[in-house]
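Contents: one structure, followed by commentary.
Proteins come first, then strands; the chains are lettered A, B, ... in the order of their sequence lines, and each starts at number 1.
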Protein chains: 2
Amino acid sequence: MDFQVKFTVNDKIFLKDPENSVLGRQIIKNAIDLIYRIGFESFTFKKLAIEINTTEATIYRYFENKHRLLLYILNWYWSYMSFLIMFKLQNIEDNKSKLETIIHLLTHELPESSGTLDYNKKYLNHIVIAESSKVYLVKDIQEINKDEVFKPYKELCLMIAQIITSYNPSYKYPRSLSSTLIETSHYEQFFIHNLPRLTDVSPENRNEFTAMFLNDLVFKALL
Amino acid sequence: MDFQVKFTVNDKIFLKDPENSVLGRQIIKNAIDLIYRIGFESFTFKKLAIEINTTEATIYRYFENKHRLLLYILNWYWSYMSFLIMFKLQNIEDNKSKLETIIHLLTHELPESSGTLDYNKKYLNHIVIAESSKVYLVKDIQEINKDEVFKPYKELCLMIAQIITSYNPSYKYPRSLSSTLIETSHYEQFFIHNLPRLTDVSPENRNEFTAMFLNDLVFKALL
DNA sequence: TAACAACAATAGTATTACTATTTAAGTTCA
DNA sequence: TGAACTTAAATAGTAATACTATTGTTGTTA
C-alpha cells in the first residue's frame, strides 16, 4: 500500500499555493532541509533561493516572509499528526490504548513514507521540536491568530482533549493537559539531546524516555 | 525592610560586566523595557542605543550579540527565582506546602521590590514567558552550553527536583517533572493570554488557572 | 606629568529582509 | 493563428540590521 496524503492549508498563510507548482513544492521540500541544517534564525530566502537555483524575489511571491513559511510547514505537520492519530486509532476501542498510541506518535519520529515528492520526515520532526514555538512566541501573535492560522494546532489539541475526556469524564483540564502533552513531548526530546541535566534520561532509555515520562504523567493525572 | 540582591552572572555571557558601570546597568534595564515593548525579534542594539543616548558600538562592547544579552537577563531571572524559592521556603516544613509555594511563584508575577535601580519585574516576567525558550532553541546550543551559561537554569531545576524527591522518594522523574513544571508554567500563561483554546481557562479563574492546573498535575503525579 | 589602560564614539561593511519594475511564458478565444 | 490577457519569474534595486576596525577621550598610577 502506498498513498499520498494532501492537506488543505489555510490560504492566508501563503501568497501563492506552493502545492500547485513544481517550484512551490521544491521551495517547501528544500526549506525543510535547509532549516534543519542551519536553524531558523540563520535561514534566509536568499540561501533557499541558491539551493533551488532561483531568486529571492521568486520565493517572496509564495510567502510574505520566512515566518509564514515556517507556519506553513507546521500547519502541514499539525494536520499530518491529526491524520496519523485518526488513522492509527481506527480499530482501537480502549481509551487507554488510544492515549498510549498518541503519546507514542508524539514522542517518536514520523513514519517515513515512500512517496518521492514527500518531505523528509526526520528533518520535519527535528524542526517541529526545535522551531515550532517560534511561530507563536512572537509579538504580533494576536494579529496573526486572527487569520486562523493556528486552527490545525487547536484541532489537534481538541482531538486529544476529547479522548482525555472519554477516558476520564471528570477530569477538569483536558485541553491544558493536551497542549502540555504536545509541548512537553517536544521540549523533553530537545532537552534529552541538548540539556540532559534537565531530565532524568539515562543512556539505556534515551529513545523511550519521553514516552515513559509522559505515560506516567498523563495516566496519573487521569486516575 | 528593603534590600538589593546581587547575583554573579557567569562572565562568559558578557564581554564587560554591565553591573560595573552606570551605562551597563542602563543597558540591562532599558533592554528589558524595550524587549517587552517590541519583542525579541524586532529588538536591535541600534534601537536600544537610541533609547539610552549612546551608540550601537558601545553596547557591542558589553555583549557579543543580542542573544547573549537575553541570556544575561534570563540568567538573572533564574538566579532570582532560585533565591526567591529558597527565601520563601525558609520556615516551611511540609514538602507539600513547599511545592505549592514553588508553583505559586512560577505562575504569578514576580514581587516588585522598591529599589530604584531594580529591573521592572512585570516586564521581566513577560520576557521570561514569551522569550526564554529562544535562548536554548538555537542551532549552536551545544557550543553555547559548553560555557555553562545554563547553570542557573539547571540549578533551579535541580532544586525543585530535590523537593519533589523529598515529597515522594520513589518518584522516577523528578528532574523532568521539574523542567516540565517550569516550562509549562510559562507557556500555559502565554496560551491563556494569546491562544486560550489550547487551555481550559475561564474568565473567572484567569489569574489562578495555571497554578490550579499545575497543582493538580504535580500532586497527582507524585501520589 | 608621562605612560598606558579603559572607555566610548565615528565611520564604516556585509548581510538581510523586502519591493518595484520588467521580462518571459502560457492561455483563451475571436 | 495571433492579439489580449493572465500568470510566473527574474532583475535590480532600497532600507534596515548585525557587526567591526579605527580613532579619540578620559581616568589612573608610577
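Taking B:Lys134 as the reference, B:Glu41, B:Glu131 meet the salt bridge (charged side-chain N to carboxylate O under 4.0 Å, His left out) condition, with sequence neighbours excluded.
Remark: the A:Gln189 side chain and the A:His108 side chain contain no N/O donor-acceptor pair separated by less than 3.5 Å. Residues B:Ser179 and A:Glu188 bring a donor and an acceptor atom of their side chains to less than 3.5 Å of each other.
Atom pair A:Ile50:CD1 and D:dA10:C1' shows a separation of 15 Å (rounding to whole Å applied). Spacing between atom CG of B:Asp17 and atom P of C:dA6 amounts to 15 Å, rounded to whole angstrom units. A:Leu15 places its CG atom 14 Å from the C1' atom of D:dA8, with the value rounded to the nearest Å. Rounded to whole Å, atom P of D:dA8 lies 16 Å from atom CD of A:Gln26. Atom-to-atom, CD1 of B:Ile38 to P of D:dA16 comes out at 14 Å; the value is rounded to the nearest Å. Put simply, CD1 on B:Ile52 is 10 Å from P on C:dA8, counting in whole angstrom units.
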Q) What string of B, S and - do you get for nucleotides 9-22 of chain C, 5' to 3', when a contact is any protein heavy atom under 4.0 Å? A) SB-----SBBB---
Could you pull out all donor-acceptor pairs under 3.5 Å where a side-chain atom in residues 14-22 of chain B meets a protein atom, sequence neighbours excluded?
| from | atom 1 | to | atom 2 | distance (Å) |
| --- | --- | --- | --- | --- |
| B:Asp17 | OD1 | B:Glu19 | N | 2.9 |
| B:Glu19 | OE2 | B:Tyr119 | OH | 3.2 |
| B:Ser21 | OG | B:Gly24 | N | 3.0 |
| B:Ser21 | OG | B:Tyr62 | OH | 2.7 |

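The aromatic rings of B:Tyr187 and B:Phe191 sit tilted, their planes meeting at an angle between 30° and 60°.
Among A:Val9, A:Leu124, A:Val128, A:Val135, the one residue that satisfies the side chain to side chain contact (heavy atoms under 4.5 Å, CB included) test with A:Ile73 is A:Leu124.
The shortest distance between the side-chain N/O atoms of A:Lys16 and the OP1/OP2 oxygens of D:dT7 is not below 4.0 Å.
B:Phe63 comes within contact range of no nucleotide atom at all, as no heavy-atom separation falls under 4.0 Å.
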